[in-house]
Each structure stands twice: as C-alpha cells, then as structure tokens.
Number of protein chains: 2
Amino acid sequence: MGNEKELLNVSKATIGRLPAYHRYLQEKLAAGEKTVSSTAIAEDLHLNAVQVRKDLSAIAREAGKPKLGFAVADLIADIDRFLGYDNLNDAVLVGAGGLGSALAGYGGFKNYGLNIVAAFDADPARAGTEIGGIKVFPADELARLVRRLNVLIGIIAVPKEAAQGVADELIRGGVRAIWNFAPVHLNVPENIAVKNEDMAASLAILSKRLAEILNSEK
Amino acid sequence: MGNEKELLNVSKATIGRLPAYHRYLQEKLAAGEKTVSSTAIAEDLHLNAVQVRKDLSAIAREAGKPKLGFAVADLIADIDRFLGYDNLNDAVLVGAGGLGSALAGYGGFKNYGLNIVAAFDADPARAGTEIGGIKVFPADELARLVRRLNVLIGIIAVPKEAAQGVADELIRGGVRAIWNFAPVHLNVPENIAVKNEDMAASLAILSKRLAEILNSEK
DNA sequence: ATTTTATCGATAAAAAATTATCGAATAGGC
DNA sequence: GCCTATTCGATAATTTTTTATCGATAAAAT
C-alpha cells in the first residue's frame with residue numbers, strides 16, 4: 001500500500017526535529033487552532049521557516065495551503081504514523097537502579113510508541129519487586145525472557161562496567177535496537193541499532209554555548 | 001596566554017564527539033597504552049579516521065606523530081581543558097522526583113565539570129530531605145538562592161507543565177544555561193543557552209534505524 | 001644505512017543540511 | 001468581485017560536515 005516516498009529522503013536531522021513539532025502541534029490542537037503556518041512554528045521554536053516547511057512536507061500527506069498553513073490534526077496524525085507513535089513497540093529495561101526506576105516511572109514513553117514490558121537487575125534483592133508498575137526479573141533470565149517475549153528493543157540503564165555484558169545478552173536474546181544510557185561505547189554487530197544517550201556530550205555542548213555567551217558579553 | 005585558536009573553528013559536531021574520545025582514551029590509558037592512532041580510534045568507535053584526526057587536531061596542543069599517533073595522556077588533558085572538565089561549574093537541580101533523584105544520584109557529573117550544589121522541589125514534603133547527598137530546598141527559594149550562590153547552570157527535571165515556570169525562575173535568579181529534561185520547548189531570551197535532552201528525539205532516531213534494519217532484511 | 005610501512009596534516013572533493021529567493025495560490029478585507 | 005498580504009512549494013545558493021586523496025615523516029624492519 002505504497003507510501004514509499006516516506007521511507008526515502010527523510011534525513012536524520014529531520015527525524016530528530018519531528019518530536020518537537022509533534023509537541024508543539026499538540027499544544028496548538030489543545031488551544032483549539034485548526035491550522036498553523038510554518039512561519040509561526042519556526043518563530044516559536046526558533047527554527048527557519050523553510051526548514052520547517054521542508055521537514056513537514058517530507059512526512060505530510062496533505063500539502064499546506066497558501067495563506068493558512070497546515071492542518072494541525074492532520075500533521076499530528078502524519079507524525080504519529082511516521083514515527084510509529086500509534087503502534088507500540090515492546091522493550092525491556094535493564095537496570096532497576098536510580099536511572100532505570102526513573103525511566104520506568106516516566107509513563108510518557110507509551111506516547112512515543114514504546115512499551116516497557118519487563119525490567120531486569122543483577123541485584124537479586126530487586127528481583128520480584130516492581131518499578132513504575134513494571135516487574136523486575138533477575139538478570140540471568142534476560143536473554144531467555146527477551147526471546148520468549150519476542151522483544152526487539154532493549155534499554156540499558158546499568159553502571160558502565162556492566163553495559164557491554166548487558167548488550168551482549170540482549171543481542172543474544174534477539175534484541176535489534178539498543179538505547180544506551182550508560183556512558184560507554186558499545187561494541188555490537190553491524191545489524192544492531194544503537195543510540196547512545198550521551199549526557200556528557202549534551203553537557204559539553206551546553207557548557208560551550210554558555211562559555212560563548214559569557215565571552216561575548218565581556 | 002594565547003590560545004585563541006581553540007575557541008574558533010570547533011564545530012558543535014566535534015564538541016559532541018569529544019566526550020566519547022575522552023572515555024575511549026581513558027580506557028586506553030588504564031590499559032597502559034602510551035599512544036593511539038586516529039585509525040585505531042576510528043575503527044573502535046566506528047567513525048572515519050580523517051574525522052577523528054580533524055576533531056583531535058582542533059583541540060590538541062601537540063601534533064600527532066607519524067607511525068605512532070597521539071599521546072594518550074596529552075589528549076586527555078587537552079580534552080579536559082577544552083571541555084572544562086578540570087574546573088567545576090556549579091549547578092542547581094530543579095525537581096527531586098524520579099528523574100531528578102536519578103540525576104542527583106549519578107555522581108559522575110563531577111567528572112564532567114558539573115557540581116550540583118542544591119536541589120529544589122515544589123512539594124514541601126521533599127524540602128529538607130536529601131537526594132544523592134544534595135539538599136532539597138522549597139521551590140519558592142529558587143531564584144533567591146540561585147542568586148546568592150551565584151549559580152549559572154540550572155537543570156530542569158520537573159513535569160512538563162511546570163518546566164516553563166521553573167525556567168523563568170532560574171533566569172530570574174541569574175542562571176545563564178539550562179539543561180532541560182522536560183519534554184517541552186522552553187521560551188527564553190536570546191542570551192540564555194538551552195540544551196534540551198529530548199529523549200523522544202533519540203527514540204525516534206533509534207526506532208527509525210531499527211525499522212531500516214528490519215526492512216533491509218526481508 | 002636503507003627500505004618499508006603506518007600514520008600524520010593539508011588540501012580537495014563530495015555529501016548533507018540549512019537558508020534564500022521567487023512565482024503561484026488563496027483567504028480575507030475592501 | 002477585486003486587491004492585498006500571507007503562505008506555500010520548488011529551485012537555487014550557501015554553509016557545514018564528512019570523506020577521499022596524497023605527499024611528507026618517522027618508527028620499525030631488513
């Protein structure tokens with residue numbers, strides 16, 4: 001049912017901005033606005049209007065209308081569809097410590113198409129408990145359960161020393177995508193997707209910008 | 001004491017990769033290796049060797065040596081200096097819930113030059129407690145304390161509804177950089193640096209890559 | 001001492017991403 | 001019904017980022 005257009009020509013940069021548009025559009029929807037222009041989005045989100053237009057046209061089914069802009073509800077649906085927010089992907093969470101609990105406790109992932117079905121922890125004391133309504137299993141059941149549940153996404157929230165081992169186990173269980181919160185580079189086969197949530201990198205960028213700003217003032 | 005070279009010509013993309021190099025180099029240092037080549041780094045981190053060389057030469061004081069590569073210890077020191085890992089910046093954390101506690105509990109930020117000196121929470125029950133060794137203050141003292149402590153960095157880990165208000169208060173207190181973990185776009189003056197930790201965006205990129213991989217297999 | 005080889009830095013080429021420009025379309029006011 | 005102002009989409013120009021190429025250099029091997 002051909003929507004081949006979609007899969008092509010959508011850059012990583014664009015994909016990275018789509019969630020921000022999505023949030024913005026939902027605000028507008030809640031405020032009762034029917035349409036929104038790329039100009040307005042760009043201004044509010046501090047982006048370039050052409051860029052917004054390009055991003056949106058890459059995933060929108062309906063073209064924008066001159067003088068009015070885009071239909072808010074349609075755009076939301078388009079992004080939902082494109083990013084898969086409308087059908088849940090199962091995931092497992094490894095590490096039920098501080099960060100793991102925080103991630104489990106944040107219910108919002110469901111809105112982003114992510115459904116955490118089980119958690120794991122190496123500490124036997126944590127097995128059998130629950131975090132954010134998700135059952136915690138002992139780490140040695142990881143690969144087996146992942147395989148049984150047919151889960152394709154693993155979230156790593158363990159100390160850095162343990163991260164590579166966890167990744168190996170996840171992959172052994174059949175996981176194909178890893179969201180890594182541990183501050184280490186993971187070594188994985190080519191056909192496994194890894195996204196590092198590198199807080200140090202974010203922080204580096206922030207503090208460089210801060211330095212620039214302070215610098216430009218004196 | 002001229003190192004003007006540094007501040008120029010170091011792209012955001014490069015800055016974003018430096019922390020990964022830093023971690024890698026520390027591993028090598030721990031393993032007792034004195035030198036490392038861009039080729040080796042590139043291979044292990046799955047990057048392009050020219051890119052690595054360019055990134056490193058942008059911040060390195062000593063040039064690499066043919067046939068040997070770069071001096072591990074020197075490079076680490078260079079990155080430390082460039083990213084400010086060697087002198088701590090004070091920050092406050094707003095939101096002592098799940099995510100806030102997790103961030104406070106992660107002691108590692110000190111290694112990245114960030115020193116969290118106080119936390120705040122709107123819930124009076126949390127005021128007076130500690131998270132990860134950091135005192136929690138009532139939210140209404142935010143601006144005053146930030147100003148008194150002369151803190152320039154604020155970390156927002158509150159529910160999205162509260163985030164804009166917190167940002168405003170932080171700025172009122174004199175904060176100049178905001179690390180925002182709430183899934184909203186913050187509206188701030190131009191001379192304030194904001195870095196959004198947009199997990200939805202990361203997730204979007206990860207799941208698109210996953211989809212690609214699965215797609216390429218069938 | 002000479003040759004080989006791995007690596008560097010510099011420069012050039014290619015690719016990707018952002019931004020500018022402009023004619024066409026149309027909603028809303030006159 | 002006709003202007004006017006706003007927005008769109010398409011195309012082009014620009015900028016940024018990544019990757020390729022190549023001569024020079026120095027460690028290691030012969």
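All values below were derived from every heavy atom in this structure, side-chain atoms included, with hydrogens, water molecules and symmetry-related copies excluded. Lettering follows sequence order; numbering is per chain, from 1.
- Only S38(A), T39(A), listed by number, bring a heavy atom of residues 38-46 of chain A to less than 4.0 angstrom from any atom of DNA chain D.
- A side-chain donor-acceptor contact under 3.5 Å links R209(B) to the backbone of V194(A).
- As rounded to whole Å, 15 Å separates atom C1' of dG29(C) from atom CG of L68(A).
- Between F181(A) and W179(A), the two ring planes are tilted [angle within 30° to 60°].
- For the salt bridge (Lys or Arg N to Asp or Glu O under 4.0 Å) condition, no pair includes a residue of residues 63-74 of chain B, sequence neighbours left out.
- At distances below 3.5 Å, not a single donor-acceptor pair connects side-chain atoms of K110(B) with backbone N or O atoms of L88(B).
- Within 4.0 Å of A63(A), counting heavy atoms only, lie sugar-phosphate atoms of the nucleic acid but no base atom.
- Looking at D198(B) and R23(A), a side-chain N of the basic residue comes within less than 4.0 Å of a carboxylate O on the acidic one, giving a salt bridge.
- Nucleotide dA16(C) holds its P atom 14 Å from the CD atom of Q51(B), rounded to whole Å.
- Following rounding to the nearest Å, D55(A) (CG) and dA17(C) (C1') show an atom-to-atom distance of 10 Å.
- A donor-acceptor contact shorter than 3.5 Å is absent between the side chain of E62(A) and the backbone of A71(A).
- In this structure, CD1 of I205(A) is placed 11 Å from P of dT17(D), rounded to the nearest angstrom.
- The aromatic rings of Y85(A) and H22(A) sit perpendicular, their planes meeting at an angle over 60°, well past the 30° parallel limit.
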Legend entry - Per-nucleotide protein contact string for nucleotides 20-26 of chain D (B base, S sugar-phosphate only, - none; heavy atom under 4.0 Å): BB---B-
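- Ion pairing of D78(B) with R61(B) is absent here, as no side-chain N (NZ or NE/NH1/NH2) approaches a carboxylate O to less than 4.0 Å.
- Between the NZ atom of K12(A) and the P atom of dT18(D) there is a distance of 9 Å, given to the nearest Å.
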